[in-house]
A.B. asks: 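The structure follows.
Computed from heavy atoms alone, side chains included, the values below leave out hydrogens, waters and symmetry copies. Just so it is clear, the structure is predicted and the values come from calculations on it, not from any experiment.
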Amino acid sequence: EVAPKAMQYTLMAGRRAARVYANDQAITHYETARALAEELGADAERIAAIEGLADVHALQAEWEEASRLYQEALTYHQQKGDAVRQARMQSRIGSTFSGVFDFRQALPHIQSAMDTLKAKKDEQELTGVYVQMARTQTYLGNFAQAEEYARAGLALAERHDMLPQAAEAQ
């Protein structure tokens, strides 16, 4: 009974540390939570820890490690059939390629996320992916497409009363 609570508290500590950019502490907490979750067979918590680790590595511009961890989470969500979480991981994998200015590699991941979210009609999540696609198209020099995606993202953000920063954070 102690181990599940410790796992939850460690996962929470990782999230709190990440929120205040205490990256080393966040990594330590997420790695501990991941190990506890593996020991307990708690897949959802293990994946939450992996996603948290990936986010922290992305914040530190450790793109290769972030991408590897996002891929691990993506595989899990594919096995579970969770399309929205798959889309979220595809978007984040796209971001890791954008982080190293490889926008052509980012594009299929972002497109996959967009297609999935359109099919699932998850407009709030889709808002951020439209913004991400607009930025990617801008870097690729496709300005007309970039404007279309930016306008689509803005329209969804307005429909859902989202601030632009909140839309981009999705």
A.B. asks: First locate atom CZ of Phe103, then atom CD1 of Ile110, and finally report the distance between them rounded to the nearest 0.5 Å.
C.D. replies: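 Nearest 0.5 Å value for the CZ-CD1 distance: 8.5 Å.
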A.B. asks: At what distance, to the nearest 0.5 angstrom, does CD of Glu45 lie from CE of Met7?
C.D. replies: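 Glu45 atom CD to Met7 atom CE measures 4.0 Å (nearest 0.5 Å).
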A.B. asks: Quick check on side chain to side chain contact (heavy atoms under 4.5 Å, CB included): which of Met114, His160, Lys120 does Leu126 satisfy it with?
C.D. replies: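 Result for side chain to side chain contact (heavy atoms under 4.5 Å, CB included) with Leu126: Met114.
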A.B. asks: Which value, rounded to the nearest 0.5 Å, describes the distance between Arg159 atom CZ and Gln124 atom CD?
C.D. replies: 11.0 Å
A.B. asks: Kindly compute the distance separating CD1 (Ile50) from CG (Asp55), expressed to the nearest 0.5 Å.
C.D. replies: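 Ile50 CD1 to Asp55 CG: 12.0 Å, rounded to 0.5 Å.
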A.B. asks: If you measure from CD on Glu62 to CD1 on Ile27, what distance do you get to the nearest 0.5 Å?
C.D. replies: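 Rounded to the nearest 0.5 Å, the CD-CD1 separation comes out at 6.0 Å.
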A.B. asks: With the side chain counted from C-beta on, respond yes when Gln78 and Leu74 share a heavy-atom pair under 4.5 Å apart, and no when they do not.
C.D. replies: yes
A.B. asks: side-chain hydrogen bond (donor to acceptor under 3.5 Å, both in side chains) with Glu38: which residues, sequence neighbours excluded?
C.D. replies: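 Result, side-chain hydrogen bond (donor to acceptor under 3.5 Å, both in side chains) vs Glu38: Arg34.
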A.B. asks: Hey, could you give me the CD/CD1 distance between Gln71 and Ile93, rounded to the nearest 0.5 Å?
C.D. replies: 4.5 Å
A.B. asks: Checking side-chain polar atoms at under 3.5 Å, does Ser91 have a donor or acceptor matched by the opposite partner on Gln132?
C.D. replies: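 Yes, because at least one side-chain N or O of Ser91 sits under 3.5 Å from a partner of the opposite role on Gln132.
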A.B. asks: Side-chain heavy atoms under 4.5 angstrom apart, residues restricted to Ile, Leu, Val, Met, Phe, Trp, Tyr: same cluster for Tyr139 and Leu107?
C.D. replies: yes
A.B. asks: If hydrophobic clusters are built from ILVMFWY residues whose side chains come within less than 4.5 Å, do Phe101 and Leu140 share one?
C.D. replies: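 Hydrophobic grouping puts Phe101 with Leu140.
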A.B. asks: Kindly give the heavy-atom pair with the smallest separation between Thr10 and Ala33, and that separation in Å.
C.D. replies: CG2-N, 3.6 Å
A.B. asks: Any salt bridge linking Glu51 with Arg88? Criterion: basic side-chain nitrogen under 4.0 Å from a carboxylate oxygen.
C.D. replies: no
A.B. asks: Counting distance only, does the side-chain N/O of Ser67 pair as donor-acceptor with the main-chain N or O of Glu64 below 3.5 Å?
C.D. replies: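 It does not hold such a pair.
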A.B. asks: Decide whether Leu156 and Val84 are clustered together by the hydrophobic rule: side chain heavy atoms of Ile, Leu, Val, Met, Phe, Trp, Tyr closer than 4.5 Å, transitively.
C.D. replies: yes
A.B. asks: Taking only residues two or more places apart in sequence, or in another chain, which ones meet Arg16 in a salt bridge (charged side-chain N to carboxylate O under 4.0 Å, His left out)?
C.D. replies: none
A.B. asks: Do any N or O atoms from the side chain of Asn142 and from the backbone of Gln145 form a donor-acceptor pair under 3.5 angstrom?
C.D. replies: no
A.B. asks: Could you tell me if the side chain of Tyr130 sits less than 4.5 Å from the side chain of Arg151, heavy atoms only?
C.D. replies: no
A.B. asks: Write down the atom of Gly153, the atom of Thr127, and the distance for their closest heavy-atom approach.
C.D. replies: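 Gly153 and Thr127 have their closest heavy atoms at O-CG2, 3.4 Å.
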A.B. asks: Does the side chain of His77 come within less than 4.5 Å of Ile47's, by heavy atoms?
C.D. replies: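 Side chain of Ile47 against side chain of His77, heavy atoms only: contact under 4.5 Å found.
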A.B. asks: Minimum heavy-atom separation for Val56 and Ala26, please, with both atom names.
C.D. replies: CG2-CB, 3.9 Å
A.B. asks: Which atoms form the tightest heavy-atom contact between Met89 and Ala73, and what is the distance?
C.D. replies: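 Closest pair (atom of Met89, atom of Ala73, distance): SD-CB, 3.7 Å.
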A.B. asks: Please report the closest heavy-atom contact between Ala113 and Ala87, naming both atoms and the distance.
C.D. replies: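 Taking Ala113 first and Ala87 second, the nearest heavy atoms are CB-O, 3.2 Å.
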A.B. asks: If you compare all heavy atoms of Ala54 against all heavy atoms of Tyr70, which two are closest, and at what distance to 0.1 Å?
C.D. replies: CB-CE2, 3.2 Å
A.B. asks: Does a donor on one side chain and an acceptor on the other come within less than 3.5 Å for Asp82 and Gln86?
C.D. replies: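 Gln86 and Asp82 do not have a side-chain donor-acceptor pair below 3.5 Å.
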A.B. asks: Do side-chain atoms of Thr138 reach the backbone of Ala134 as a donor and acceptor pair under 3.5 angstrom?
C.D. replies: yes
A.B. asks: With side chains defined as the heavy atoms from C-beta onward, is the minimum distance between Gln90 and Thr116 less than 4.5 Å?
C.D. replies: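 No; the side chains remain at least 4.5 Å from each other.
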